[in-house]
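Below, all heavy atoms of this structure are taken into account, side chains as well, without hydrogens, waters or symmetry copies. Just so we're on the same page: letters track the sequence lines, and every chain starts at 1. Everything numeric here is computed off the predicted structure, so don't read it as measured data.
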Amino acid sequence: MLDHSGSPLASSLHEPVLRWYDANARVLPWREPGAGAWAVMVSEFMLQQTPVNRVLPAYRSWLERWPKPVDLAAAAPGEAVRAWDRLGYPRRALRLHAAAQAIVERHGGEVPDDHAALLALPGVGTYTAAAIASFAFGQRHAVVDTNVRRVLARALTGVAQPSISPTAADQRLATSALPADEPTAARWAVASMELGALICTARTPRCADCPIRSRCAWVRAGSPPYDGPPRRGQTYEGTDRQARGRLLAVLRAASAPVSKDMLDASWPDAVQRERALDGLVADGLVEPLARKRYRLPE
DNA sequence: CATTCGTGGAT
DNA sequence: TATCCAAGAAT
């Protein structure tokens, strides 16, 4: 019998982290027992690069308006973009809408429980497919997000920060750290992620409150500082992304098609503004109409 | 493997 | 004030 529980060190983390989670997990709507796979899926899309606190209100109104995939699938994609509000990365709204349509067409309107089927949906990558399969269906998958990568980098590898971008090595490490049985693996997935979100944070980890500090390879090594290549910060002021955001904000706020003049007023640099607008149209986030008017896609 | 893609709170 | 960074995906 092959032992899938990985190294003794990894498996020694399970009990303390699971107990910590039972006592300290945040109460979040998508974790409620009756939430359902669609609720989990909506939350996962919104949480891709957006903090929990900003997601909560949008999540609630979204599910109230579109309680099932078929409801969203029947709506105009522009309505999804509008309801996305200012969560950021509005292409996620478009992809969630497209995923809802795919679920209706390919899966009878029910979120599939199969990892490969999930992965085939628009906007669902390795992380999100594993997250839905694990959180909504209790399956055993390595759910590797930025929190888990950081927890494992510190606890097992002994370094302050994980690699800048996810690697195959991260996946292997997370898989080797997975408890052998399915229900425990599913609990470990949320618990290790929550530990990264609340205790083993990027900036100032709260090691004093950490349930595995005595076993943590990084702490045992004296918490050495990060020594890898510089992590390049994201500038935002004056970027195309900011220009796109301004243009889209005008269109979200409008209930009727907007004139080009209106859009021109939202960003000073004409060259950049045109490039941003073309990009939005190419991405399907904006629909050009006759007489230089624009709206969210219908 | 590196870039692009929003937004705003925390430090 | 400037920087960091937050449950990634697509290209």
Asks: Pick the nucleotide of DNA chain B nearest each of A:Thr167 and A:Asp283; which residue has the one closer to the 5' end?
Replies: A:Thr167

Asks: Return yes when atom NZ of A:Lys260 has more than 12 non-hydrogen atoms of other residues, nucleotides or ligands closer than 6.0 Å, and no otherwise.
Replies: yes

Asks: Using links of under 4.5 Å between side-chain heavy atoms of ILVMFWY residues, direct or through other members, which residues join A:Val104 in one cluster?
Replies: A:Val70

Asks: Given atom CD of A:Glu237 and atom P of B:dT7, what is their separation to the nearest angstrom?
Replies: 12 Å

Asks: Going through the distances and angles, do A:Arg95 and A:Tyr89 end up as a side chain to side chain donor-acceptor pair (under 3.5 Å)?
Replies: CA-CA 11 Å; A:Arg95 290 175 183 151; A:Tyr89 294 148; over 6 Å; no

Asks: Rounding to an integer number of angstrom, what distance separates B:dC5 and C:dC5 when you compare their C1' atoms?
Replies: 15 Å

Asks: Clusters formed by hydrophobic residues whose side-chain heavy atoms approach within less than 4.5 Å: which one holds A:Tyr236, and what are its other members?
Replies: none

Asks: Can I get a per-line list of side-chain donor-acceptor pairs under 3.5 Å for residues 32-40 of chain A, giving both atom names and the distance, sequence neighbours left out?
Replies:
residue, atom, partner, partner atom, Å
A:Trp38, NE1, A:Trp66, O, 2.9

Asks: Give the rounded distance in Å between these two atoms: CH2 of A:Trp84 and C1' of B:dT7.
Replies: 13 Å

Asks: Taking the C1' atom of each, how far is B:dC1 from C:dG8, in whole Å?
Replies: 16 Å

Asks: For A:Trp188, what residues pass the ring-ring contact (aromatic ring centres under 6.0 Å, His included) criterion, not counting sequence neighbours?
Replies: A:His14

Asks: Indicate, with a heavy-atom threshold strictly under 4.0 Å, whether A:Phe45 touches base, sugar-phosphate, or nothing.
Replies: nothing

Asks: Using the test salt bridge (Lys or Arg N to Asp or Glu O under 4.0 Å), find all partners of A:Arg273 that sit at least two apart in sequence or belong to another chain.
Replies: A:Asp264

Asks: Work out how far the P atom of B:dT11 is from that of C:dA7, and round it to whole angstrom.
Replies: 14 Å

Asks: How long is the line joining CG of A:Asp240 and P of B:dT7, in whole Å?
Replies: 13 Å

Asks: Record whether the side chain of A:Arg241 comes under 3.5 Å of the base of B:dG6 through a donor-acceptor pair of N or O atoms.
Replies: yes

Asks: Please list, chain by chain and in numerical order, all residues satisfying salt bridge (Lys or Arg N to Asp or Glu O under 4.0 Å) with A:Arg172, sequence neighbours excluded.
Replies: none

Asks: Kindly state which residues belonging to residues 242-260 of chain A come within less than 4.0 angstrom of DNA chain B, counting heavy atoms of the residue only, listed by number.
Replies: A:Arg244, A:Gly245, A:Arg252

Asks: What would the secondary structure line of DNA chain C be in dot-bracket form, counting Watson-Crick and G-U wobble pairs under 3.5 Å, with [ ] for pairs that cross earlier ones and | for pairs with another strand?
Replies: .|||||.||||

Asks: Provide the distance between the two P atoms, one in B:dG6 and one in C:dT11, to the nearest whole Å.
Replies: 14 Å

Asks: My understanding is that only residues two or more places apart in sequence, or in another chain, count here; which of them pass salt bridge (Lys or Arg N to Asp or Glu O under 4.0 Å) with A:Asp209?
Replies: A:Arg206

Asks: Remaining members of A:Val81's ILVMFWY cluster at a side-chain heavy-atom cut-off under 4.5 Å?
Replies: A:Leu94, A:Leu247, A:Leu248, A:Val250, A:Leu251, A:Val258, A:Met262, A:Leu263, A:Leu277, A:Leu280, A:Val281, A:Leu285, A:Val286, A:Tyr294, A:Leu296

Asks: Could you tell me whether A:Pro90 contacts a base, only the sugar-phosphate backbone, or nothing, with contacts defined as non-hydrogen atoms closer than 4.0 Å?
Replies: sugar-phosphate

Asks: Going 5' to 3' along nucleotides 2-11 of chain C, which nucleotides have protein heavy atoms under 4.0 Å from the base (write B), which only from the sugar-phosphate (write S), and which from neither (write -)?
Replies: --BBBBBSS-

Asks: Test question: given the 4.5 Å side-chain rule for I, L, V, M, F, W and Y, name all other residues clustered with A:Val27, or answer none.
Replies: none

